[in-house]
K.L.:
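Here you go, one structure.
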Amino acid sequence: MQPITTRLLLWYDSHHRTLPWRISPRERLAGITADPYRIWLSEIMLQQTTVEAVKSYFRVFIEKWPTVVDLAAASQDDVLRAWAGLGYYSRARNLKKCADIICAEYGGHFPSDLASLKSLPGIGDYTAAAIASIAFDLPMAVVDGNVERVITRLYALATPLPLAKPEIRSRMQALTPDERSGDFAQAMMDLGATICTPRRPACVICPLNDNCQALKTTDPEFFPVKAPKKEKPVRVGAAFVAISNDELYLRSRAETGLLGGMAEVPTTSWTARLDGETELDAAPFPANWVATGNITHVFTHFELRLKIYKAHDVEKDIVAGGWWVKVDKLGGEALPTVMKKAIAAAVPDAFARRRN
DNA sequence: AACGCGTGGAA
DNA sequence: TTTCCAAGCGT
């Protein structure tokens with residue numbers, strides 16, 4: 001076995017992180033096996049999402065739906081409500097689809113081979129390898145952002161991403177042991193998350209500092225090399241918060257695309273320029289709309305500035321297509337963060353924490 | 001291949 | 001304040 005592999009596994013035995021979905025090396029040695037459902041659920045949640053953000057969501061999901069059968073029995077709306085705030089909502093829609101398929105076509109058991117895993121919605125190269133490796137201990141190369149960083153530094157790979165991906169995968173496969181492949185994958189990710197960090201890596205205490213070409217020849221912080229990113233355009237629009245007594249008007253967004261299937265307050269379309277004079281023409285229904293503030297929200301690929309209008313004493317009869325919710329029950333809705341911001345601008349105490 | 005797709009925390 | 005970016009996937 002390569003020295004890098006054994007060194008990293010030894011480091012992992014004493015320095016691994018303890019996480020709600022994880023089996024420790026000691027437990028694994030005692031014959032405890034990982035639950036593929038928990039590994040899958042955590043991996044989906046962790047896609048482009050920090051460990052800290054995932055922890056509480058993972059606990060809630062496991063509490064509500066302890067098995068994949070329980071999750072399949074839930075409605076998509078239940079799942080979206082529980083996912084609200086975590087972002088990338090197609091993950092939640094695919095999560096539900098995948099649970100349905102596992103129950104209908106796989107007897108409630110996750111497959112262990114890469115091809116079957118990759119055919120499931122929401123499972124790509126990384127997640128398929130992670131499940132095969134961590135849940136089934138198969139020696140698959142698990143390559144995420146952490147591994148890309150560690151490998152490009154270990155071998156001083158100057159090829160920019162994503163062009164370097166094949167080489168990184170091949171290097172990772174060569175390092176992956178036949179035994180403890182799941183622990184090795186998690187060790188690489190823990191190293192990337194705690195030692196081999198994007199900025200100011202802690203090379204002095206790194207178990208692989210003797211093996212690191214970047215550290216020997218230049219500055220590890222130069223790796224990985226990435227293609228330059230584009231500027232974020234600004235889009236603008238208006239949102240309409242309608243109030244009737246203690247209730248607020250919501251509706252559903254389209255099933256696909258941005259914030260697909262989530263709840264919203266009505267808005268104008270989001271365009272590059274503010275068409276100021278005709279904003280109110282886009283109001284969902286006639287009412288005494290009063291401008292009440294502005295919010296800004298940054299998405300992955302654009303920045304959104306919304307002017308918030310508010311109307312009280314709206315006639316509920318004239319409104320069709322959505323539903324009314326008591327303001328103090330908004331926490332139970334599938335509201336993405338941008339919509340919570342819009343509502344909070346019109347109803348400042350809408351999401352305020354209740355006293356005692 | 002390049003783009004659409006959220007959010008909140010760190011520096 | 002701004003910038004970066006965190007266990008990527010689908011098209």
Side-chain angles (χ1 to χ4, degrees), chain A residues 16-17 19-22 38-58 80 83-95 97-98 117-135 140-150 160-166 169 172 182 184-194 196-201 221 224 226-233 235 253-262 264 270 296-304 334-341:
Chain A
H16 64 84
R17 289 180 290 177
L19 300 170
W21 46 86
R22 182 178 274 184
R38 289 171 152 258
I39 300 303
W40 164 70
L41 177 60
S42 67
E43 290 301 341
I44 302 297
M45 287 182 165
L46 286 162
Q47 288 166 7
Q48 297 290 287
T49 308
T50 57
V51 165
E52 279 312 307
V54 165
K55 282 180 179 171
S56 61
Y57 282 86
F58 178 80
L80 286 180
W83 197 277
L86 200 52
Y88 285 134
Y89 298 99
S90 68
R91 292 185 297 172
R93 301 193 298 272
N94 284 333
L95 189 81
K97 281 185 204 164
C98 184
L117 285 166
K118 273 196 67 174
S119 75
L120 294 163
I123 298 181
D125 285 328
Y126 162 75
T127 305
I131 294 172
S133 176
I134 298 170
M140 303 304 168
V142 177
V143 181
D144 73 330
N146 289 305
V147 173
E148 287 176 348
R149 190 166 56 253
V150 173
L161 286 171
L163 197 61
K165 279 173 182 283
R169 172 171 307 281
M172 181 61 177
F184 180 75
Q186 294 177 94
M188 285 288 279
M189 295 191 278
D190 278 15
L191 188 76
T194 62
C196 196
T197 49
R199 280 170 291 188
R200 309 239 355 208
E221 204 166 323
K226 291 185 178 178
K229 53 198 58 163
K230 297 177 178 174
E231 249 179 74
K232 261 177 210 189
R235 296 188 200 171
R253 292 178 60 82
E255 271 302 302
T256 57
L258 184 68
L259 309 177
M262 301 293 285
E264 67 169 6
W270 304 343
T296 295
H297 187 77
V298 181
F299 291 98
T300 311
H301 52 300
F302 66 92
E303 175 182 324
L304 177 64
L335 285 167
T337 298
V338 61
M339 293 302 161
K340 290 187 178 176
K341 283 188 192 173

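Per chain, numbering begins at 1; letters A, B, ... match sequence-line order.
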K.L.:
NA contact type, A:Gly260, heavy-atom cut-off 4.0 Å: base, sugar-phosphate, or nothing?
P.N.:
nothing
K.L.:
Would you kindly give the CG-to-C1' distance between A:Leu259 and B:dC5, to the nearest whole Å?
P.N.:
9 Å
K.L.:
Measure the distance from CH2 on A:Trp83 to P on B:dT7 and round it to the nearest whole Å.
P.N.:
13 Å
K.L.:
Looking at A:Arg38 and A:Pro20, would you say the former's side chain and the latter's main chain have a donor-acceptor pair under 3.5 Å?
P.N.:
yes
K.L.:
Assign A:Val142 to base, sugar-phosphate, or nothing according to its heavy-atom contacts below 4.0 angstrom with the strands shown.
P.N.:
nothing
K.L.:
Kindly say whether A:Glu148 contributes a backbone atom to a donor-acceptor pair with the side chain of A:Lys165 at under 3.5 angstrom?
P.N.:
no
K.L.:
For A:Tyr57, give me all partners under ring pair (Phe, Tyr, Trp, His ring centres under 6.0 Å), at least two apart in sequence or on another chain.
P.N.:
none
K.L.:
Rounded to whole Å, how long is the line connecting atom CD of A:Glu255 with atom P of B:dC5?
P.N.:
15 Å
K.L.:
Could you tell me whether the side chains of A:Arg22 and A:Gln186 share a donor-acceptor contact shorter than 3.5 Å?
P.N.:
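A:Gln186 and A:Arg22 do have a side-chain donor-acceptor pair below 3.5 Å.
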K.L.:
Measuring only the C1' atom in each nucleotide, how far is C:dT11 from B:dA1? A whole number of Å is fine.
P.N.:
11 Å
K.L.:
Does a side-chain N or O from A:His297 land closer than 4.0 Å to OP1 or OP2 of B:dG6, or not?
P.N.:
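So the side-chain polar atoms of A:His297 never come under 4.0 Å of the phosphate oxygens OP1 or OP2 of B:dG6.
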K.L.:
Hey, which of these two, A:Pro162 or A:Pro336, hits DNA chain B nearer its 5' end, going by closest nucleotide?
P.N.:
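The residue whose closest nucleotide sits nearer the 5' end is A:Pro162.
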K.L.:
Please find out if less than 6.0 Å separates the ring center of A:Phe299 from that of A:His297.
P.N.:
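Between A:His297 and A:Phe299, which both carry aromatic rings, the centre distance is below 6.0 Å.
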K.L.:
Write down the atom of A:Ile39, the atom of A:Ile131, and the distance for their closest heavy-atom approach.
P.N.:
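Heavy-atom minimum between the residues: CG2-CA, 4.3 Å.
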K.L.:
Report yes if at least one side-chain N or O of A:His301 is closer than 4.0 Å to OP1 or OP2 of B:dG4; otherwise report no.
P.N.:
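No, A:His301 has no side-chain N/O under 4.0 Å of OP1/OP2 on B:dG4.
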K.L.:
Mark up nucleotides 4-11 of chain C, 5' to 3', with B wherever a protein heavy atom is under 4.0 angstrom from a base atom, S wherever such an atom reaches only the sugar-phosphate, and - elsewhere.
P.N.:
-SBBBSS-
K.L.:
In whole Å, measure the gap between the P atoms of B:dA11 and C:dA7 for me.
P.N.:
14 Å
K.L.:
Taking atom C1' of B:dC5 as reference, at what distance in whole Å does atom CH2 of A:Trp270 sit?
P.N.:
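After rounding, the gap between these two atoms is 12 Å.
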K.L.:
Which atom pair, heavy atoms only, marks the closest approach of A:Lys340 to A:Leu335?
P.N.:
CE-O, 3.6 Å
K.L.:
Please report, rounded to the nearest Å, how far the C1' atom of B:dA2 is from the CG atom of A:Leu163.
P.N.:
14 Å
K.L.:
If the C1' atom of C:dA6 is compared with that of B:dG6, how far apart are they to the nearest Å?
P.N.:
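Between the two C1' atoms, the distance is 12 Å.
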